[in-house]
Student: 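Got a structure for you, written out below as structure tokens; questions coming shortly.
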Amino acid sequence: MDLDDEPRPPRRAHALGDSLDRMSVRDLEELKAACQAEIDRIDREIVSKDRSREAAASVFKF
């Protein structure tokens, strides 16, 4: 049986600043993808909040 076919045991969530030494390349790639997805989500939220703030500011301009 190939090791890639075996189910992976559940991992605890990685926290920012945790050591990366014991993570496999596969785990690091998954973590990187998850972090990039979160960065993208944060960027979208920033854009949304900026648009809301700009819209509110334009209403109160005299």
Student: Can you list the residues that meet the salt bridge (Lys or Arg N to Asp or Glu O under 4.0 Å) rule with K49, with sequence neighbours excluded?
Tutor: E45
Student: With sequence neighbours left out, what residues match S58 under side-chain hydrogen bond (donor to acceptor under 3.5 Å, both in side chains)?
Tutor: none
Student: Only counting residues at least two apart or in another chain, list the ones meeting side-chain hydrogen bond (donor to acceptor under 3.5 Å, both in side chains) with D50.
Tutor: R53
Student: Linking Ile, Leu, Val, Met, Phe, Trp and Tyr by side-chain heavy atoms under 4.5 Å, what else ends up with I42?
Tutor: I46
Student: Looking at CG of L28 and SG of C35, how far apart are the two atoms once the value is rounded to the nearest 0.5 Å?
Tutor: 10.0 Å
Student: Once salt bridge (charged side-chain N to carboxylate O under 4.0 Å, His left out) is applied, what residue pairs with a partner in residues 14-23 remain, sequence neighbours excluded?
Tutor: R12-D18
Student: To the nearest 0.5 angstrom, please state how far the CD atom of E29 sits from the CE atom of M23.
Tutor: 10.5 Å
Student: Who are the side-chain contact (heavy atoms from CB on, under 4.5 Å) partners of D40, not counting sequence neighbours?
Tutor: Q36, R44
Student: To the nearest 0.5 angstrom, please state how far the CG atom of L31 sits from the CG atom of L20.
Tutor: 7.0 Å
Student: Who passes side-chain hydrogen bond (donor to acceptor under 3.5 Å, both in side chains) against E38, sequence neighbours left out?
Tutor: R41
Student: Please enumerate all residues that pass side-chain hydrogen bond (donor to acceptor under 3.5 Å, both in side chains) together with R51, with sequence neighbours excluded.
Tutor: none
